[in-house]
Amino acid sequence: MARVGLTTEGVIRAGAETADEIGFESTTPTELARRFGVRTASLYSHVRNAHDLKTGIALFALEELADRASEAVAGRAGKDALTAFANVYRDYALEHPGRFAATQFPLDAQAAASSAGVRHAQMSRAILRGYRLAEPHQTHAVRLLGSVFSGYVNLEAAGGFSHSAPDSQESWTEILNALDALLRTWPTTS
């Protein structure tokens, strides 16, 4: 029986907040139970196990990030859309490091297909249509953007750019300019 006051949504939201505080990998049902002041068994009416909790946090974070990205790119095209999209990812990762880590949690095929990850891919493709990339080049470019955004923000969050000049914002701007130039001149022959 579910404990009065606890809901699945509340447990997942608390998990997302906890992930930002202590890290996604350290967020467990036991840790949440401690924070709620309940026994771990009380949470199992809302999440089946640690994997289910992590999946819920990942789905929550993907949805939250997709909403922000959608709002940021609305009405923009080309470099403006690319920059807005990229900045949402970077800002979200810096503001919510645990949630951003959750967006990279491996989902099973069914969960992935029904997640907001689909919206992320659709937004990437919409931005890339402005660069007139056809398949399979568009898919390659989607993967490049995801790799650059995730790689950069993960290295930045780990302090990888804090020991040398120029500062990371200057590098980020330069990288986005380079991505825009690459996308405008993408090689379409093999």
Looking at Asp180 and Gly78, would you say the former's side chain and the latter's main chain have a donor-acceptor pair under 3.5 Å?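 Here the side-chain-to-backbone pair does not exist.
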Look at the side chain of Lys54 and the backbone N and O of Phe24, then say whether any donor-acceptor pair between them is shorter than 3.5 Å. yes
Short N-O contact, [X] and [Y], less than 4.0 angstrom:
X	Y	answer
Asp52	Arg48	yes
Arg68	Asp91	no
Arg34	Glu31	yes

What about [X] and [Y], same hydrophobic cluster or not, with Ile/Leu/Val/Met/Phe/Trp/Tyr joined at side-chain heavy-atom distances under 4.5 Å?
X	Y	value
Phe36	Tyr44	no
Leu94	Tyr152	no
Leu144	Leu155	yes

Are [X] and [Y] packed together at the side-chain level, in the sense that at least one heavy-atom pair is separated by less than 4.5 angstrom?
X	Y	answer
Leu62	Leu107	yes
Asn87	Leu176	yes
Leu32	Thr40	no
Phe100	Glu95	no
Arg39	Ser42	yes
Leu145	Leu82	yes
Pro97	Asp20	yes
Val88	Glu71	no

[X] and [Y]: which non-hydrogen atoms are nearest, and at how many Å?
X	Y	answer
Ala111	Leu59	O-CD2, 4.1 Å
Leu183	Ala141	CD2-CB, 3.9 Å
Trp172	Ala86	CZ2-O, 3.3 Å
Thr103	Ala61	CG2-CB, 3.7 Å
Leu53	Thr27	CD2-O, 4.1 Å
Phe161	Ser168	CB-CB, 4.1 Å

First locate atom [atom1] of [X], then atom [atom2] of [Y], and finally report the distance between them rounded to the nearest 0.5 Å.
X	Y	atom1	atom2	result
Leu65	Arg119	CG	CZ	9.5 Å
Thr55	Asn49	OG1	CG	8.0 Å
Ile12	Thr18	CD1	OG1	11.0 Å
Phe85	Arg76	CZ	CZ	13.0 Å

Aromatic contact, His120 with Tyr89 (centres under 6.0 Å):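 Here the rings of Tyr89 and His120 have centres that are less than 6.0 Å from each other.
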Would you check, one step at a time, whether the test side chain to side chain contact (heavy atoms under 4.5 Å, CB included) holds for Glu9 with His46? CA-CA 8 Å; Glu9 182 180 309; His46 307 287; over 6 Å; no
Side chains of [X] and [Y]: do they bring a donor and an acceptor to under 3.5 Å?
X	Y	result
Glu64	Tyr92	yes
Gln169	Arg90	yes
Arg125	Thr139	yes

I would like to know whether Glu21 and Arg35 meet side chain to side chain contact (heavy atoms under 4.5 Å, CB included); could you show each step before the answer? CA-CA 12 Å; Glu21 293 172 27; Arg35 288 172 181 245; 2.6 Å; yes
Using a cut-off of 6.0 Å, state whether more than 12 heavy atoms not belonging to Glu135 lie near its atom CD.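 Yes, the 6.0 Å shell around CD holds more than 12 heavy atoms from other groups.
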Arg184 vs Arg132, test: side chain to side chain contact (heavy atoms under 4.5 Å, CB included). Steps then yes/no. CA-CA 8 Å; Arg184 284 187 280 112; Arg132 303 191 190 289; over 6 Å; no
Checking ring pair (Phe, Tyr, Trp, His ring centres under 6.0 Å) for the pair Phe105/His51: CA distance, chi angles, key distance, verdict? CA-CA 10 Å; Phe105 184 69; His51 187 272; 5.3 Å; yes
